[in-house]
Amino acid sequence: AYRAMTTGDFRMLNGTPEPSEKVSKLDMSFDERYEASYFFQKERGFQASMKSDFSKSCRSVLHPERQYDAPEDFASLCRRRFGSVVAAWRLVLDPTHAGKLNYADLCAAARRLGFSGDLKELWKRYDSTGKGFVSLKDIDAQADRLVRDFFDLVDRRYGRLEHLWADFGKDAHVAVTEEDLAVMCKDIGFQHDARKLFRCLNPHFGGRTVAI
């Protein structure tokens, strides 16, 4: 049935056998000529295609129907566009650095980001306890811990990030590479993956340096 429809062989589709001998239309009656016509065969083929048996035949040949993807996961969208949730948080979700978003803030930020999913479900997911706001920790707890632990170590040892830079001979206005940051992390006893921290601190997806 599938091959009949795709090749336009309506005689095969409607079950009409191919005549063993070619009969001249001059020897046919009016009804026989009509039934042999393209229009008649196409109409019968269309009627046959509406039957349930035809659908079953097609499903046995065709691949399963493509399932359209659900809206992209919010955190995955952040990482795809900005390299990390932290970068998306700083640049799009919380550009005023308030540290938290209410429902209206989250909706507006999600639309700016290009999120096409259900905003109410997004809010329920990240504000599961009903506290009335969403923070970076709610969206990406691992990234939030990486950044917090790093700055806690810097604060305890140096007081300010500029002093860490200076301790490694870097001017406060100079950006550092991933290798530089890895050396700094090792020196201050940072226990997490310095590469992941670098991606979190990098405001430009694929950027090679980070600055204060």
Side-chain angles (χ1 to χ4, degrees), residues 69-103 105-115 117 119 121-212:
D69 297 333
E72 186 174 5
D73 177 74
F74 186 76
S76 298
L77 176 62
C78 291
R79 296 187 188 98
R80 179 173 63 81
R81 290 200 56 193
F82 294 94
S84 72
V85 175
V86 177
W89 179 268
R90 292 168 58 191
L91 299 173
V92 178
L93 304 181
D94 184 31
T96 61
H97 311 299
K100 58 185 179 181
L101 306 174
N102 60 29
Y103 179 70
D105 293 334
L106 180 66
C107 291
R111 290 310 184 210
R112 288 197 300 273
L113 186 67
F115 180 68
L119 293 174
E121 289 300 318
L122 183 70
W123 177 258
K124 289 179 182 178
R125 176 181 179 183
Y126 292 134
D127 184 31
S128 58
T129 60
K131 59 185 180 294
F133 65 87
V134 167
S135 66
L136 172 62
K137 183 178 180 180
D138 297 312
I139 301 174
D140 191 337
Q142 182 184 40
D144 180 73
R145 183 181 178 187
L146 281 174
V147 174
R148 284 183 181 277
D149 285 359
F150 174 74
F151 282 104
D152 284 346
L153 286 169
V154 171
D155 187 59
R156 287 200 299 269
R157 183 164 176 176
Y158 292 97
R160 295 174 63 87
L161 198 58
E162 292 92 328
H163 298 159
L164 170 63
W165 253 234
D167 195 38
F168 284 84
K170 305 289 184 180
D171 184 89
H173 301 290
V174 173
V176 299
T177 65
E178 182 178 326
E179 291 73 19
D180 293 332
L181 185 65
V183 173
M184 294 177 179
C185 287
K186 184 177 181 180
D187 184 72
I188 65 177
F190 184 68
Q191 299 297 316
H192 307 293
D193 190 333
R195 293 173 300 176
K196 291 182 178 179
L197 176 66
F198 182 82
R199 287 197 295 271
C200 289
L201 298 179
N202 198 327
H204 305 294
F205 190 15
R208 297 178 180 274
T209 59
V210 295
I212 299 176

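Since we're looking at a predicted model, the values are computed, not measured.
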**Side-chain ion pair, D140 and R79, N-O less than 4.0 Å** = yes
**Item:** Atom pair CE/CZ of M184 and F150 - distance to nearest 0.5 Å
**Value:** 7.5 Å
**Message:** How long is the straight-line distance from OG1 of T129 back to CG of D127, given to the nearest 0.5 Å?
**Reply:** 5.0 Å
**Asked** Taking all non-hydrogen atoms of both residues, which atom of A194 and which atom of L181 are closest, and how far apart?
**Response** O-CD2, 4.3 Å
**Full working for salt bridge (Lys or Arg N to Asp or Glu O under 4.0 Å) between R148 and D152** = CA-CA 6 Å; R148 284 183 181 277; D152 284 346; over 6 Å; no
Give every donor-acceptor pair under 3.5 Å between a side-chain atom in residues 85-96 and any protein atom, sequence neighbours left out.
from	atom 1	to	atom 2	distance (Å)
W89	NE1	D94	OD2	3.3
R90	NH1	L201	O	3.1
D94	OD1	H97	N	3.4
D94	OD1	A98	N	2.9
D94	OD2	A98	N	3.1
D94	OD2	G99	N	2.8

**Prompt:** Nearest heavy-atom pair of F198 and T177: which atoms, and what distance?
**Reply:** CE1-C, 3.7 Å
**Contact check, side chains of L119 and R111, non-hydrogen atoms, under 4.5 Å** = yes
**Asked** Does R156 reach the side chain of L153, with side-chain heavy atoms less than 4.5 Å apart?
**Response** yes
**Message:** A side-chain contact here means heavy atoms from C-beta on lying under 4.5 Å apart; do E178 and R195 qualify?
**Reply:** yes
**Prompt:** How far does OG of S84 sit from NZ of K196, to the nearest 0.5 angstrom?
**Reply:** 12.5 Å
**Prompt:** Is there side-chain contact between D105 and N102, with heavy atoms separated by less than 4.5 Å?
**Reply:** yes
**Message:** Check this for me: does any side-chain nitrogen of one of D73 and R80 sit under 4.0 Å from a carboxylate oxygen of the other?
**Reply:** no
**Request:** State, yes or no, whether a side-chain contact exists between Q142 and H192 at a heavy-atom distance under 4.5 Å.
**Result:** no
**Request:** With sequence neighbours excluded, tell me which residues meet ring-ring contact (aromatic ring centres under 6.0 Å, His included) with W123.
**Result:** Y103
**Asked** Side-chain contact, heavy-atom cut-off 4.5 Å: L197 with F190?
**Response** yes
With a cut-off of 3.5 Å and sequence neighbours excluded, list every side-chain donor-acceptor pair involving residues 167-176.
from	atom 1	to	atom 2	distance (Å)
D167	OD2	Y158	OH	2.6
D171	OD2	H173	N	2.8

